[in-house]
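Here the structure is laid out as structure tokens; the discussion comes afterwards.
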Amino acid sequence: MSVRVRMAPSPTGLLHIGGVHTFLFNWLYARGREGACLLRIENTDTSREVREATQQIQRSLAWLGIDWDGPVTFQLDAMDRCRELAARLVERGEAYEDEGAIRFHMPDEGVTGWDDVVRGRIEFPNEQLEDVVIVRSDGRPTYNFASPVEDMDDAITHVIRGDDHISNTPKQLQILRALGHEPPVYAHIANILGTDGKKLSKRHGAVSVDEFRVAGYLPDALVNFLALIGWAPDGETTIMPRAEIVERFTLEAVSASPGTFDYAKLDWMNGVYLRELSPEAYADEVVTYLRERGSDWPEARVRAMAPLVQEKVGKLGEIPAFTGFLFGDVAPDPAELDAPLLEAAERSLAGVEPWSAQAIETALRQLCEELGQKPRKVFAPIRVAVTGSRVSPGLYESLELLGRETSLARIRHGVELAA
RNA sequence: GCCCCCAUCGACUAGCGGCCCAGGUCGCCACCCUUUCAAGGUGGUAGCGCGGGUUCGAAUCCCGCUGGGGGCACCA
């Protein structure tokens with residue numbers, strides 16, 4: 001029997017990175033086994049449904065490169081089927097009416113258990129199982145009924161979900177048993193925590209896929225990072241192409257203990273992915289990123305700027321602040337300037353021919369010698385005058401890109417400010 | 001309160017009885033490189049929660065404790 005899994009978000013808001021983590025494990029499992037990965041929107045709670053959410057979820061998954069097979073399905077569409085099955089259960093005495101709702105009759109003795117792929121045997125005493133409502137008094141099925149019913153109808157073979165569903169599992173198992181269906185294999189993976197050990201939330205940092213996208217993370221980096229929370233192919237490998245992750249992923253290697261979302265490590269990893277890109281691919285990413293952010297910076301210059309920052313930023317979102325001086329005016333702090341030194345630099349740069357990074361370097365190095373000063377000392381005020389900051393891309397390349405006229409004008413302006 | 005789950009450096013993890021006085025990665029610290037910031041290089045810091053067993057031998061198996069998390073809805 002071929003593998004069939006499903007990703008089941010509820011449309012209550014933006015796609016949460018914790019949800020992506022469990023979806024990713026589903027996706028990895030299916031893709032590594034020629035299986036099918038379905039997308040089911042669990043919208044039985046209409047009161048909490050957020051308009052737009054369904055579209056946003058799909059957009060976020062698409063951006064991450066996590067695809068699905070077949071059409072997107074909606075749990076509410078299984079309403080009639082659920083009602084029909086519930087009626088059948090009532091007929092057979094497995095369920096009963098209760099104030100307009102239908103409750104499933106759970107056994108009172110014995111235990112209900114299953115062999116969880118990541119946790120081993122889990123058992124619940126049946127006396128703990130309440131008679132759950134499977135159909136509300138308004139006719140809508142509840143999650144605990146619709147979910148196993150759909151798993152059955154979709155022929156899901158492996159239910160890979162968050163461990164907050166562990167206590168739902170015995171109930172769903174009993175329902176499936178009453179329906180005469182062989183239950184799927186269950187794999188409950190731990191939820192991702194914030195640095196304080198609490199469930200990852202807004203106050204820890206970015207949590208929605210959109211936020212990560214806006215901050216300038218690469219989908220591949222995010223996927224690589226997420227894959228390594230709760231799973232490892234071995235003790236050594238850290239950076240892995242997506243294809244390798246797909247190939248090596250197994251549920252058996254998934255850890256049962258919860259992992260913490262380490263933003264610092266993600267930043268590092270994103271930097272690795274950014275630096276690994278070819279210069280062309282990197283420029284493409286930068287152009288696309290800025291365009292999505294609504295930037296009106298001319299593309300030609302953006303492409304020319306890209307190589308200056310590829311090794312310097314860990315997230316694309318840092319680029320605007322870092323390279324803004326190439327696209328607009330600067331406001332240097334007079335205290336960081338030095339009039340005599342800037343005048344000397346102005347003289348030294350005025351005759352540079354051609355206006356290239358190499359020629360600029362030669363001229364500035366010579367200036368340092370003439371002044372008998374260390375480059376770090378000489379370049380600081382020039383950098384501030386030209387870029388408006390003590391931190392910038394390489395000075396020679398920056399000057400070259402800015403052009404002789406603008407560069408000299410900014411240095412001249414620096415002299416005036418410092419005077 | 002009841003039920004369930006989890007427990008290796010600050011973080012992600014390797015380890016599935018001897019190869020481990022515990023390995024890799026991030027972070028952090030130091031040094032090197034250096035026009036700033038990064039990147040890069042080298043070295044370092046730091047851990048098996050506690051207590052009992054089992055065994056010739058335990059991070060690895062068992063029990064208890066402690067700590068953390070989750071669930072107990074006509075939410076998903």
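In the text below, chain A, chain B and the rest are named by the order of the sequence lines, each starting its count at 1.
In this structure, rA39(B) makes no Watson-Crick or G-U wobble pair, since no nucleotide meets both defining distances under 3.5 angstrom. Pairing of rA73(B), defined by two Watson-Crick or G-U wobble distances under 3.5 Å, is not identified with any nucleotide. For rG10(B), the paired base is rC26(B) (Watson-Crick or G-U wobble, both distances below 3.5 Å). Taking a pair to require two hydrogen-bonding distances under 3.5 Å in either a Watson-Crick or a G-U wobble arrangement, rC33(B) remains unpaired. Using Watson-Crick or G-U wobble geometry with both donor-acceptor distances under 3.5 Å, rC19(B) finds no partner in any strand shown.
When distances are taken from the side chain of W268(A) to each of rC26(B), rU36(B), rC5(B), the shortest belongs to rC26(B). Looking at the side chain of S257(A), the nearest of the listed nucleotides rA76(B), rC12(B), rA7(B) is rA7(B).
For S167(A), no side-chain nitrogen or oxygen approaches OP1 or OP2 of rC3(B) to under 4.0 Å. Residue K199(A) places no side-chain N or O under 4.0 Å from the OP1 or OP2 atom of rG70(B). At the phosphate of rC37(B), neither OP1 nor OP2 sits under 4.0 Å from any side-chain N or O atom of R376(A). Taking only side-chain nitrogens and oxygens, R119(A) never comes nearer than 4.0 Å to OP1 or OP2 of rC4(B). Phosphate contact (OP1/OP2 of rC37(B), side-chain N/O of R390(A), threshold under 4.0 Å): absent. Checking the phosphate oxygens (OP1, OP2) of rG40(B), a side-chain nitrogen or oxygen of R275(A) falls inside 4.0 Å.
L364(A) places its CG atom 14 Å from the C1' atom of rU36(B), with the value rounded to the nearest Å. At whole-Å resolution of the value, CD1 in I57(A) and P in rA76(B) are 15 Å apart. Regarding H165(A), its NE2 atom lies at a distance of 18 Å from the C1' atom of rC3(B), rounded to whole Å. Atom P of nucleotide rC12(B) and atom CG of N270(A) are separated by 20 Å, given to the nearest angstrom. As rounded to whole Å, 13 Å separates atom P of rC16(B) from atom CG of D234(A). Atom-to-atom, OH of Y396(A) to P of rU34(B) comes out at 11 Å; the value is rounded to the nearest Å. If you measure from atom CG of D267(A) to atom C1' of rG27(B), you get 11 Å, rounded to the nearest angstrom. Rounded to an integer number of Å, the gap from CZ of F322(A) to P of rA38(B) is 9 Å.
Contact annotation: side chain of K374(A) to base of rU34(B), donor-acceptor pair absent below 3.5 Å.
When heavy atoms are screened at a 4.0 angstrom cut-off, E361(A) is found touching no nucleic acid atom at all. At a threshold of 4.0 angstrom between heavy atoms, the contacts of K198(A) are confined to the sugar-phosphate backbone, with no base atom among them. Heavy atoms of G394(A) sit under 4.0 angstrom from at least one base atom. Within 4.0 Å (heavy atoms only), S392(A) reaches at least one base atom of the nucleic acid. Contact annotation for R103(A): backbone-only contact, meaning every heavy-atom pair under 4.0 Å involves sugar-phosphate atoms and none involves a base. Within 4.0 Å (heavy atoms only), I166(A) reaches sugar-phosphate atoms of the nucleic acid but no base atom. Among the protein residues, N168(A) comes within range of the nucleic acid bases, having at least one heavy atom under 4.0 Å from a base atom. Within the 4.0 angstrom heavy-atom criterion, base atoms lie near P393(A). Within 4.0 Å (heavy atoms only), A380(A) reaches no atom of the nucleic acid at all. E311(A) comes within contact range of at least one nucleobase, with a heavy-atom separation under 4.0 Å. Within 4.0 Å (heavy atoms only), S137(A) reaches at least one base atom of the nucleic acid.
Residues V313(A) and F261(A) each lie close to RNA chain B; by heavy-atom proximity, the contact nearer the 5' end of the strand is made by F261(A). Both V135(A) and G197(A) sit near RNA chain B, but only G197(A) has its closest nucleotide nearer the 5' end.
In this structure, F145(A) has its ring center no closer than 6.0 Å to that of Y143(A). You'll find the ring centres of F25(A) and W231(A) outside the 6.0 Å limit.
Between R177(A) and E94(A) no salt bridge is recorded (no basic side-chain N to carboxylate O distance below 4.0 Å). Between D154(A) and R6(A) no salt bridge is recorded (no basic side-chain N to carboxylate O distance below 4.0 Å).
There is no side-chain donor-acceptor pair under 3.5 Å between T387(A) and S389(A). Side-chain contact, H204(A) with D196(A): a donor N or O sits under 3.5 Å from an acceptor N or O. With 3.5 Å as the limit, one finds a donor-acceptor pair spanning the side chains of T112(A) and Q174(A).
With rounding to the nearest 0.5 angstrom, the CZ atom of R140(A) is 11.0 Å from the CD atom of Q75(A).
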